[in-house]
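Below is one structure, written out as C-alpha cells; the observations come after it.
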Amino acid sequence: KYGNRPFYAAGVSADYKLKNLYAQANVSAVKDKSNYIGGTADIVYPDQSSYAGRTNRYNNNSRNQYRFGLAYDLSKNQLLGLQVMGGGSEMLQTFKTDILLSRPAELINGNALSDWVRKPENTGATLNYLLRLDSAGAMLKVIGDYVRSSKTELNDFTSRYTDASKNSRYRNNTPNLTNIYSLQADYTKGFNGKLELKTGLKYVAAKRDNTILNEDFVADEWIKDDGNSNQFIYNEHLLMAYLTLEKSIHQTSIKLGLRAEETYMKGNSGTSGQRWSRKDLGWFPTVFLVQKLNEKTGSAL
C-alpha cells in the first residue's frame with residue numbers, strides 16, 4: 001500500500017554564444033517523498049514458534065545535478081574547453097516495524113526502528129586543448145580530468161521488546177571518498193601514402209579512503225565493534241604510453257601498435273596496521289589486418 005506524499009522536479013538550461021566563446025549550463029533538482037504502508041512478514045518455525053512483522057517505510061529523498069561548459073576558439077587552429085559537472089543526493093529512509101514473537105507459553109511484543117541516511121556526491125571537471133597543426137589532419141590534444149566521489153551512509157537500528165533482554169541498539173557508518181586525477185596528451189600525424197601515426201601519454205593518480213565503523217550502544221554510550229570495523233586507504237599511480245602506425249594499401253589496412261603501462265599501488269589498513277605495495281610494468285603489442293571484401297557494401301574481413 002502506498003501513501004500520498006509530494007514529488008517535485010525542476011530544471012533549467014541555458015546556451016550562450018558570443019564571437020569565439022560558447023557557454024552552456026544545466027541545473028536540475030528533484031524532491032521525492034513517499035510512504036509504503038503495511039509490508040508484512042509471517043514466519044512459522046519447525047518448533048511451532050513464529051514471527052509476525054508489519055513494516056511501514058517513509059522516504060524523504062532529494063537529488064540535484066549541474067553541468068557547466070565553456071568553449072573558446074583561441075585562434076583558427078586552437079580550441080580551449082572546460083566542463084564542470086556534479087550532483088548530490090540525500091536519501092532519508094525510516095523503517096518502523098511492529099513485531100510479535102510467539103513461542104509455546106510465551107508471547108513477546110516489540111517494535112523496531114531503523115533510520116537509513118545516505119548522501120552520495122560527485123564532482124568532475126575536464127579541461128581540454130586542441131591544436132590543429134596542418135590541413136592534412138595532424139593535431140595535438142591535451143586533456144586534464146578531475147573526479148571526486150564521496151558518500152556518507154549511516155544506519156541506526158533500535159529494537160524494543162516486552163522482554164527487555166532482547167532490546168538492542170547499534171549503528172553502521174560507512175563513509176568513503178575517492179579522488180582521481182588524470183592528464184593525457186595525444187598526437188596524430190598523417191603522411192603521404194595513407195600512413196597515419198598516433199602516439200600519446202597518460203598519467204592517472206587515484207586515492208580511495210573507505211571506512212566501516214560498527215558501534216553498539218551499551219550503558220548509554222557508543223562502543224566500537226573492532227572486529228567488524230576497518231579503514232582502508234588505497235593509492236594508485238598509472239603511467240601509460242602508446243604508439244600506433246596504420247597503413248592502407250588498396251583495400252587492405254594494416255595497423256601495428258605498442259602500449260606500455262606502469263602501475264604503482266599502495267594500500268594501508270588503518271585498523272590492522274597492515275601495509276602493502278606493488279609495482280608492475282606491462283607491454284601490450286597489437287596487430288590488426290583488415291581486408292575489404294566488397295567496397296560498395298562495406299564488407300570486411
Side-chain angles (χ1 to χ4, degrees), residues 1-41 53-73 79-98 111-128 130 143-158 170-182 184 204 206-213:
K1 182 179 179 181
Y2 299 91
N4 294 323
R5 300 183 75 189
F7 176 91
Y8 305 99
V12 60
S13 62
D15 294 270
Y16 179 77
K17 190 177 189 312
L18 177 64
K19 296 183 179 179
N20 295 342
L21 176 65
Y22 172 74
Q24 182 270 339
N26 181 280
V27 179
S28 63
V30 173
K31 185 68 172 180
D32 178 13
K33 293 185 177 182
S34 57
N35 300 337
Y36 298 83
I37 308 299
T40 60
R54 177 185 173 91
T55 301
N56 299 334
R57 187 177 79 186
Y58 306 91
N59 297 328
N60 186 357
N61 303 326
S62 59
R63 299 186 299 275
N64 63 81
Q65 292 181 323
Y66 61 87
R67 182 191 299 267
F68 303 100
L70 290 173
Y72 185 73
D73 292 320
L79 173 66
L80 184 65
L82 173 65
Q83 181 171 265
V84 179
M85 67 187 73
S89 301
E90 184 179 61
M91 292 171 280
L92 311 177
Q93 292 185 318
T94 298
F95 299 83
K96 296 181 179 180
T97 305
D98 294 323
N111 60 77
L113 176 65
S114 176
D115 288 319
W116 190 12
V117 181
R118 290 168 291 167
K119 296 181 180 180
E121 294 182 354
N122 294 281
T123 303
T126 300
L127 180 65
N128 61 80
L130 173 64
I143 302 174
D145 276 311
Y146 169 68
V147 176
R148 183 183 188 276
S149 175
S150 67
K151 184 177 73 171
T152 59
E153 183 171 354
L154 176 64
N155 194 336
D156 192 335
F157 181 84
T158 303
Y170 61 87
R171 66 184 181 186
N172 304 319
N173 195 356
T174 56
N176 65 71
L177 174 64
T178 299
N179 285 287
I180 301 175
Y181 306 85
S182 69
Q184 177 176 349
V204 179
K207 182 177 181 180
R208 296 176 174 88
D209 186 344
N210 296 324
T211 299
I212 300 175
L213 177 61

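Residues: numbered from 1 along the sequence shown.
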From CA spacing to verdict: side-chain hydrogen bond (donor to acceptor under 3.5 Å, both in side chains), T97, N111: CA-CA 5 Å; T97 305; N111 60 77; over 6 Å; no
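- In this structure, N179 and Y146 approach most closely via the heavy-atom pair OD1-OH, 2.8 Å.
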Pair E121-K119, side chain to side chain contact (heavy atoms under 4.5 Å, CB included): steps then yes or no: CA-CA 7 Å; E121 294 182 354; K119 296 181 180 180; 5.7 Å; no
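- Every residue meeting the side-chain contact (heavy atoms from CB on, under 4.5 Å) condition with V204, not counting sequence neighbours, appears here in chain and number order: I180, S182, K202, L238, M240.
- Judged as a salt bridge (charged side-chain N to carboxylate O under 4.0 Å, His left out), and not counting sequence neighbours, D209 has no contacts.
- Within the structure, side-chain hydrogen bond (donor to acceptor under 3.5 Å, both in side chains) pairs that include any residue of residues 18-30 comprise D15-Y22 (at least two apart or interchain).
- Not counting sequence neighbours, the partners of A9 by the side-chain contact (heavy atoms from CB on, under 4.5 Å) test are F7, V30.
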From CA spacing to verdict: side chain to side chain contact (heavy atoms under 4.5 Å, CB included), V27, F68: CA-CA 9 Å; V27 179; F68 303 100; 4.2 Å; yes
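- W116 is not listed as a side-chain neighbour of L92, based on a closest heavy-atom distance of 4.5 Å or more.
- The side-chain hydrogen bond (donor to acceptor under 3.5 Å, both in side chains) check on R208 picks up nothing, with sequence neighbours excluded.
- Evaluation of the salt bridge (Lys or Arg N to Asp or Glu O under 4.0 Å) test over residues 54-64, restricted to residues two or more places apart or in two chains, returns none.
- Closest non-hydrogen pair, A23 versus L70, comes out as CB-CD2, 3.5 Å.
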Step-by-step side chain to side chain contact (heavy atoms under 4.5 Å, CB included) determination, N61 to S89: CA-CA 7 Å; N61 303 326; S89 301; over 6 Å; no
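- Rounding to the nearest 0.5 angstrom, the gap separating the CD1 atom in I143 from the CD atom in Q184 is 5.0 Å.
- Across every non-hydrogen atom of Y58 and N35, the tightest pair is CD2-OD1, 3.3 Å.
- Contacts of Y170 classified as side-chain contact (heavy atoms from CB on, under 4.5 Å), with partners at least two apart in sequence or in another chain: F157, N172, D216.
- With sequence neighbours excluded, the residues satisfying side-chain hydrogen bond (donor to acceptor under 3.5 Å, both in side chains) with D156 are R169.
- The structure places CG of L177 at 6.0 Å from OG of S150, a figure rounded to the nearest 0.5 Å.
- If you check the side chains of Y8 and D32, you find no donor sitting under 3.5 Å from an acceptor.
- Contacts of N173 classified as side-chain contact (heavy atoms from CB on, under 4.5 Å), with partners at least two apart in sequence or in another chain: L154, P175, L213.
- Legend: residues meeting salt bridge (charged side-chain N to carboxylate O under 4.0 Å, His left out) with E153, ordered by chain and number and at least two apart, are K151.
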Verdict with reasoning, L113 to T94, per side chain to side chain contact (heavy atoms under 4.5 Å, CB included): CA-CA 7 Å; L113 176 65; T94 298; 3.7 Å; yes
From CA spacing to verdict: side-chain hydrogen bond (donor to acceptor under 3.5 Å, both in side chains), T178, S149: CA-CA 5 Å; T178 299; S149 175; 5.4 Å; no
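- Scored by the side-chain hydrogen bond (donor to acceptor under 3.5 Å, both in side chains) test, K31 finds N60 as partners (sequence neighbours excluded).
- For the residue pair L127 and G81, the shortest heavy atom distance occurs at CD1-O, 3.3 Å.
- Taking the salt bridge (charged side-chain N to carboxylate O under 4.0 Å, His left out) definition, one finds that K207 meets it with nothing, sequence neighbours left out.
- Note: L21 CG to L80 CG = 10.5 Å, rounded to the nearest 0.5 Å.
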